[in-house]
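Before any comments, here is the structure.
These numbers were taken from a predicted model, which means no experiment stands behind them. Residue indices begin at 1 and follow the sequence shown.
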Amino acid sequence: GDLGMITDKDVVLALSNSGETSEILTILPLIKRLGIPFIAMTGRPESTLATCATAHIDVSVANEACPLGLAPTSSTTAALVMGDALAVALLETRGFTAEDFARSHPGGLLGRRLLLRVSDIMHTGDAIPTIDEEALISQALIEMSNKGLGMTAVVDDQYHILGVFTDGDLRRVLSQEINIHTEKLSAFMTRECKTGRADMLAAEALELMQRYKINALLIENEHQQLCGAINMHDLLRAGVV
């Protein structure tokens, strides 16, 4: 009954080391009657299966790894390797990309790395820590504590990014004799900060953060305005790391 699954658009690939496996030879005439391509992978080019096939692939081995020379060990490995080679050749011929693979495996690690965008996981709106550069260090610390991203963006009134103030900047401030309740943030923030885009892959954001050894990333839109923020914990939760 399983022959009913085969249509005129299919190709049958049969594996038999001897090329004389009775179960395959029994259905061979039925497959040929369907008029579809029949590819045989055997270890004997002169076998019945090899000679009747539309195309034959020789996967013969000199000796089996089995010390008795009986159990199919080396021959099964040869067939497996040839199967992989066929799959890769077909992949290249069809122009199948990593993105195509990811769409078929969206739940896997590759799928997450190739499909998940920063916009899918970034914090937006009121969840983004922001502060004015004229604010006091103590005010920046409160904003960082409230939003919990380990930093705060420093923006102007049009939400253009002027810089960032991070946990690392705070530690440098506290290592000096500075009053955080009177000193302004502008003198201690990092002005040349790295930013990302909402449409970039989350994996790209991770690579950027790892390259520059930063734990959080500000996201800007096409007008260089702040529109989101992510940190390493967001990437961990999303399974990108």
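Distance check, rounded to the nearest 0.5 Å: CG of Asp167 to CZ of Arg172 gives 10.5 Å. Here the straight-line distance linking atom CG of Asp169 with atom CE of Met189 works out to 10.0 Å at 0.5 Å rounding. The structure places CD1 of Ile214 at 9.5 Å from CE of Met151, a figure rounded to the nearest 0.5 Å. Once rounded to the nearest 0.5 Å, the distance linking CZ of Arg171 with OG1 of Thr166 reads 7.0 Å. Once rounded to the nearest 0.5 Å, the distance linking OG of Ser16 with CD1 of Ile24 reads 5.0 Å. Residue Gln139 holds its CD atom at 4.5 Å from CG of Leu136, rounded to the nearest 0.5 Å.
A salt bridge is absent between Arg197 and Glu220; no separation between the charged side-chain nitrogens and carboxylate oxygens falls under 4.0 Å. Ion pairing between Asp120 and Arg117 fails under the 4.0 Å rule for side-chain N and carboxylate O.
Between Leu90 and Phe96, every side-chain heavy-atom pair lies at or beyond the 4.5 Å cut-off. Within the 4.5 Å cutoff, side-chain heavy atoms of Cys52 are placed close to those of Thr48. No side-chain heavy atom of Pro129 sits under 4.5 Å from any side-chain heavy atom of Met144. Side-chain contact between Leu34 and Thr7 is absent, with no heavy-atom pair separated by less than 4.5 Å. Counting heavy atoms from C-beta outward, Val118 and Leu201 have side chains that stay 4.5 Å or more apart. A heavy-atom distance below 4.5 Å is not found between the side chains of Thr42 and Asn17.
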Might you work through the side-chain contact (heavy atoms from CB on, under 4.5 Å) test for Ile161 and Gln224, ending with a clear yes or no? CA-CA 7 Å; Ile161 300 173; Gln224 286 74 54; over 6 Å; no
Set out, in order, the CA-CA distance, both residues' side-chain angles and the distance that settles side-chain contact (heavy atoms from CB on, under 4.5 Å) for His181 and Ile137, then state yes or no. CA-CA 7 Å; His181 298 289; Ile137 296 174; over 6 Å; no
Output, in order, the C-alpha distance, side-chain angles, deciding distance and verdict of side-chain hydrogen bond (donor to acceptor under 3.5 Å, both in side chains) for Glu64 and Ser75. CA-CA 7 Å; Glu64 296 287 2; Ser75 56; 2.7 Å; yes
Test Cys227 against Thr124 for side-chain contact (heavy atoms from CB on, under 4.5 Å), laying out the working first. CA-CA 6 Å; Cys227 65; Thr124 60; over 6 Å; no
Please walk me through it: do Val155 and Asp132 pass side-chain contact (heavy atoms from CB on, under 4.5 Å)? CA-CA 6 Å; Val155 297; Asp132 183 270; over 6 Å; no
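Side chain to side chain, Glu20 and Ser47 fail the donor-acceptor criterion of an N or O pair below 3.5 Å. Side chains of His233 and Asn215: no donor on one and acceptor on the other come within 3.5 Å. Between Glu134 and Ser186, the side chains place no donor N or O within less than 3.5 Å of an acceptor N or O (distance only, hydrogens not considered). Residues Ser74 and Asn63 have side chains that never bring a donor and an acceptor to within less than 3.5 angstrom of each other.
Annotation for Arg237: atom CZ counts as buried by contact number, over 12 foreign heavy atoms lying within 6.0 Å. Counting non-hydrogen atoms of other residues, nucleotides and ligands closer than 6.0 Å to CG of Asp126 gives a total of 12 or fewer. Around atom OH of Tyr159, no more than 12 heavy atoms belonging to other residues, nucleotides or ligands sit under 6.0 Å away.
The heavy-atom pair separating Ala198 from Met122 by the smallest distance is CB-CE, 4.0 Å. The two residues Thr152 and Thr130 make their nearest non-hydrogen contact at OG1-N, 3.3 Å. In this structure, Leu218 and Gly163 approach most closely via the heavy-atom pair CD1-O, 4.0 Å. Closest of all the heavy-atom pairs between Val11 and Ile39 is CG1-CD1, 3.8 Å. Of all heavy-atom pairs spanning Val154 and Phe165, the tightest one is CG2-N, 4.2 Å. Across Gly19 and Leu25, no two heavy atoms sit closer than the pair O-CD2, 4.2 Å.
Between the Lys9 side chain and the Ile36 main chain, no donor and acceptor come within less than 3.5 Å of each other. A donor-acceptor pair is defined here as one N or O able to donate and one able to accept, closer than 3.5 Å; no such pair exists between the side chain of Asp84 and the backbone of Val81. For Lys147 (side chain) and Ile128 (main-chain N/O), a donor-acceptor pair under 3.5 Å exists by modelled atom type. Judged purely by atom type and a 3.5 angstrom limit, Glu92 has no side-chain atom pairing as donor or acceptor with the backbone of Ala89. A donor-acceptor pair under 3.5 Å is absent between the side-chain atoms of Thr190 and the main chain of Glu192, judged by distance alone. Listed for the Glu183 side chain is no donor-acceptor partner under 3.5 Å among the backbone atoms of Ile180. Formation of a donor-acceptor pair under 3.5 Å by the Asn231 side chain with backbone atoms of Asp234 is found in this model. Although no hydrogens or angles enter the test, the distance criterion places a donor-acceptor pair under 3.5 Å between the side chain of Thr73 and the main chain of Ala65.
Under a hydrophobic-cluster definition in which Ile, Leu, Val, Met, Phe, Trp and Tyr are linked whenever side-chain heavy atoms come within less than 4.5 Å, directly or via other members, Leu149 and Ile121 are assigned to different clusters. No single ILVMFWY cluster, assembled from side-chain heavy atoms under 4.5 Å apart, contains both Phe38 and Met41. Tracing side-chain contacts under 4.5 Å through hydrophobic residues (I, L, V, M, F, W, Y), one reaches Leu236 starting from Ile219; they form part of the same cluster. Both Val240 and Met209 belong to a single network of hydrophobic side chains, linked directly or stepwise wherever heavy atoms of I, L, V, M, F, W or Y lie under 4.5 Å apart. Residues Leu217 and Leu226 fall into different hydrophobic clusters, defined by Ile, Leu, Val, Met, Phe, Trp and Tyr side chains chained together at heavy-atom separations under 4.5 Å.
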